[in-house]
Amino acid sequence: EQVNFNSTTTTVTDASLSDLETTDAGPIKVVTAAGTLTINEGDADDTGVIAATSGNVLLEARGAAGDVVLNADVTSGSGHITIVAGDDVDQNADIATGGTGTIYVSAANGTVDGAPNDGINMASGTSTTSGGGNIRMIATGESDILLSLVDAGAGSVSLLAERDILDNNGGGTLNVVAATLRMVAD
């Protein structure tokens, strides 16, 4: 309520909000100290986070049980994108940047759910794409990387898992496009 000079009140409402979006080169940073960070679609464009031009994106769930769940696309024009989870990254939508923007995805597996639910889980049909910038995915804490499509074009891709790197596209479909590929699973 807004209090008026004549001691009456007026109801004030905000327009509905959807998505996290910059219209210039500003960054988007969302960090949770505990709990899950979920990105959902807020309108009809299928994108939950949009950093225009060279804006960078940071989505981080710091707690040991902190998942980052992407149910809507995360994009930047040409900025860098970082997705960090204290537990797992569940990628149910696309991650994309252009130009020399890079993508870094990290899952620390702070709580053990058991294979194949630990680590970086790209849903079948999703993609992580740069316009030639490097892409690095790292799954620590005895966890896996389940791959759909990782496309760095002329850039490099680095996949590091403390357990397995597995195809999540059902076989017969390309998983990685890069000038240089480094895969380590132990």
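Only a predicted model underlies this, so the values are computations on that prediction, with no experimental measurement involved.
- For the residue pair T128/Q91, the side-chain donor-acceptor check at 3.5 Å is satisfied.
- The residue from L166, L146, L147, I145 that alone fulfils the side-chain contact (heavy atoms from CB on, under 4.5 Å) condition with N121 is L146.
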Could you check I50 against D45 for side chain to side chain contact (heavy atoms under 4.5 Å, CB included), going step by step and ending with a plain yes or no?
CA-CA 10 Å; I50 307 167; D45 66 2; 3.7 Å; yes
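- Checked against side chain to side chain contact (heavy atoms under 4.5 Å, CB included), D67 has the following partners two or more places apart in sequence or in another chain: T36, V69, D87, D88, D90.
- Using modelled atom types and a 3.5 Å distance limit, the side chains of E1 and T11 yield a donor-acceptor pair.
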Could you walk me through whether V150 and N175 pass side chain to side chain contact (heavy atoms under 4.5 Å, CB included), step by step?
CA-CA 6 Å; V150 178; N175 290 107; over 6 Å; no
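- Taken together through direct or relayed side-chain contacts under 4.5 Å among Ile, Leu, Val, Met, Phe, Trp and Tyr, V89 and I138 form parts of separate hydrophobic clusters.
- Of all heavy-atom pairs between S124 and N168, the closest is CB-O, 3.1 Å.
- Among all heavy-atom pairs drawn from T47 and D73, the shortest one is CG2-O, 3.4 Å.
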Audit row: I103, H80, side chain to side chain contact (heavy atoms under 4.5 Å, CB included) steps and yes/no:
CA-CA 6 Å; I103 299 173; H80 305 293; over 6 Å; no
Residues D186, E162; criterion side chain to side chain contact (heavy atoms under 4.5 Å, CB included); working and verdict:
CA-CA 5 Å; D186 57 0; E162 285 192 358; 3.9 Å; yes
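- Under a hydrophobic-cluster definition in which Ile, Leu, Val, Met, Phe, Trp and Tyr are linked whenever side-chain heavy atoms come within less than 4.5 Å, directly or via other members, I165 and I83 are assigned to the same cluster.
- A donor-acceptor contact shorter than 3.5 Å is absent between the side chain of D19 and the backbone of V49.
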Please set out all donor-acceptor pairs under 3.5 angstrom arising from side-chain atoms of residues 24-33, sequence neighbours excluded.
none

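- Residues that satisfy the side chain to side chain donor-acceptor pair (under 3.5 Å) test with T13, not counting sequence neighbours, are absent from this structure.
- Remark: the T126 side chain and the N92 side chain contain no N/O donor-acceptor pair separated by less than 3.5 Å.
- Taking the side chain as every heavy atom from C-beta outward, I95 and L70 approach each other to under 4.5 Å.
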